[in-house]
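First up is the structure itself, then whatever we jot down about it.
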Protein chains: 2
Amino acid sequence: MRILVVEDDADLNRQLATALEEAGYVVDSAADGEEGHFLGDTEPYDAVVLDLGLPKLDGLSVLENWRRDGRTMPVLILTARDRWSDKVAGIDAGADDYVAKPFHMEEVLARVRALVRRAAGHASNDLTCGDVRLDLRAGRVTVAGAPIKLTSHEYRLLSYLLHHQGKVISRTELTEHLYDQDFDRDSNTVEVFVGRLRKKIGSDMIETIRGLGYRLGASVDQ
Amino acid sequence: MRILVVEDDADLNRQLATALEEAGYVVDSAADGEEGHFLGDTEPYDAVVLDLGLPKLDGLSVLENWRRDGRTMPVLILTARDRWSDKVAGIDAGADDYVAKPFHMEEVLARVRALVRRAAGHASNDLTCGDVRLDLRAGRVTVAGAPIKLTSHEYRLLSYLLHHQGKVISRTELTEHLYDQDFDRDSNTVEVFVGRLRKKIGSDMIETIRGLGYRLGASVDQ
DNA sequence: TCCCGCGTGTCACGTTCATGTCGCGTTCAG
DNA sequence: CTGAACGCGACATGAACGTGACACGCGGGA
């Protein structure tokens, strides 16, 4: 999962990025409205954390522009506690959720989890497929009840596949969502990680669609 | 289905081609207006993705020429966000849809799907014929509810037949729409793939019209 | 500071599998 | 009956994919 953080306070931006990365997301940061708007328009994010008070282009305008252009990724807005009117305007502009500043990092993490979940059409914090169960909150994975240890990249890969189970995910889509902007796209890294993940969760979970990509679950037979 | 991409930015052109190919289309690329115009005039495309800012011959002129020559294939125009006037001019010139740059690949794919669908006279993203059902979005095929595995060429063949069910499709038409420019037209590849497809979806689905080609569905007889 | 373990990305090599071609048998029209 | 069109099993080939090994960087601990 790849998250965009748009926040002009450098300290807060870094804190958010660190916390999200520790939670297993890939994070891109933007320091002002223009940069944030551009990134959200060109890169495929699974969620956005958007401050409202931004230089160059304020958060509400950024959000409105995105929605007008048909960008539907979930957006979590950071707003000062007393700016009730901002909250109302945010709803109108198409925000999906709010956190009032100052906030507890835990709360932001929980809401981001919920947004990503809902965007993929899941209701619970536990994603399952067959014997595999992933607890988004604790960041733990079990196979048939037994906990297994995943590295951070393996966890991201599994999480993305579980969020989109049943769909065919191409190698390019995986690299776009598992790595940040600049990454060499010509390598077999993805295949290697799919192999490592298969070794840990059982090789029959992830199906290879030759020439297209991979698919988890919904392999009713064959 | 065969798509023409006319876009001078080599990077973007490649990205579009890759994404479309992953979605199961055959893609030809053109880097300037003249090349695009020539290809669109001489090859039978099921849809065109056309940038407006092109060297040698701009996109609007290309489109106008095609329409004047009676080419009716659906055209999706890529336009810069702020060039509202281009959009209006595009409508007048006979474009079928628009996407503002920068765009998300998902959006382009969805619109191309819709264009190809509409051109063939279908409203839904599910194409069915008898027990056979093809989900254009997920790229999945079921026979009597049971999912079956198709290779990419088999999928393209079935997709084309379903889009034109009831009509007799000649071998040359199939090779022209299932392969790109340079392909040896003197072989029995099509027959082989029809055979393979028949084996998977039931041999009574595809009817052979001796001397003319194949027909799917509407087999009321003669 | 040095060493060690670990996660990661790259490479080389082996394997699988989709594809196109060939050859022969079968069907069909005249 | 004859030839052309088509069906089908089989095979070669090359690309896509899987896998083990290794090098590098980084962080922790002695």
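Each chain gets a letter, A, B and so on, in the order the sequences are listed, and its residues count up from 1. Please read these numbers as outputs of a predicted model, since none were measured by experiment.
Side-chain atoms of B:Arg210 come within donor-acceptor range of the base of D:dA5, with a qualifying N/O pair under 3.5 Å. Taking 3.5 Å as the limit, the base of C:dG20 and the side chain of B:Arg196 contain a donor-acceptor pair of atoms between them.
For B:Glu191, counting side-chain heavy atoms from C-beta on, the closest listed nucleotide (D:dG20, C:dT19, D:dG7) is D:dG7.
Between B:Lys101 and B:Glu7 there is a salt bridge, with a side-chain nitrogen of the basic residue lying less than 4.0 Å from a carboxylate oxygen of the acidic one. For A:Arg171 and B:Glu22, the salt-bridge test fails: no basic side-chain N is under 4.0 Å from an acidic carboxylate O. Salt bridge B:Arg71/B:Asp41: present, at least one basic N to carboxylate O contact under 4.0 Å.
Within 4.0 Å (heavy atoms only), A:Val194 reaches no atom of the nucleic acid at all. Here A:Tyr214 lies in heavy-atom contact (under 4.0 Å) with sugar-phosphate atoms only.
For the pair A:Phe193 CZ and C:dC11 P, the interatomic distance rounds to 15 Å; values are reported in whole Å. In this structure, A:Arg198 places its CZ atom 10 Å from P of D:dC17, rounding to the nearest Å. Across the protein-nucleic acid pair, A:Ile209 atom CD1 and C:dA18 atom C1' stand 14 Å apart, rounded to whole Å. Atom NZ of B:Lys200 is separated from atom P of D:dG7 by 18 Å (rounded to the nearest Å). Counting to the nearest Å, the P atom of C:dC17 and the CG atom of A:Leu212 are 16 Å from each other. As a whole-Å value, the separation of A:Lys149 NZ from C:dG5 C1' is 11 Å. The distance from atom CG of A:Leu150 to atom P of C:dT8 is 10 Å, rounded to the nearest whole Å. Straight-line distance from the CG atom of B:Asn188 to the C1' atom of C:dG25: 14 Å, rounded to whole Å.
Listed pair A:Lys199 / D:dG20 meets the phosphate criterion, a side-chain N or O lying under 4.0 Å from OP1 or OP2. Taking only side-chain nitrogens and oxygens, A:Ser187 never comes nearer than 4.0 Å to OP1 or OP2 of C:dG9. Contact check, B:Ser152 against C:dT19: a side-chain N or O comes under 4.0 Å of OP1 or OP2. The shortest distance between the side-chain N/O atoms of A:Thr189 and the OP1/OP2 oxygens of C:dT8 is not below 4.0 Å. Within the structure, a side-chain polar atom (N or O) of A:Tyr179 is placed less than 4.0 Å from OP1 or OP2 of C:dG9. The side chain of A:Arg171 places an N or O atom within less than 4.0 Å of a non-bridging phosphate oxygen (OP1 or OP2) of D:dC17.
Aromatic ring orientation, A:His164 versus A:His177: tilted (interplanar angle from 30° to 60°).
Checking B:Asp46 against B:Tyr160 by side-chain atom types alone, no donor-acceptor pair falls below 3.5 Å.
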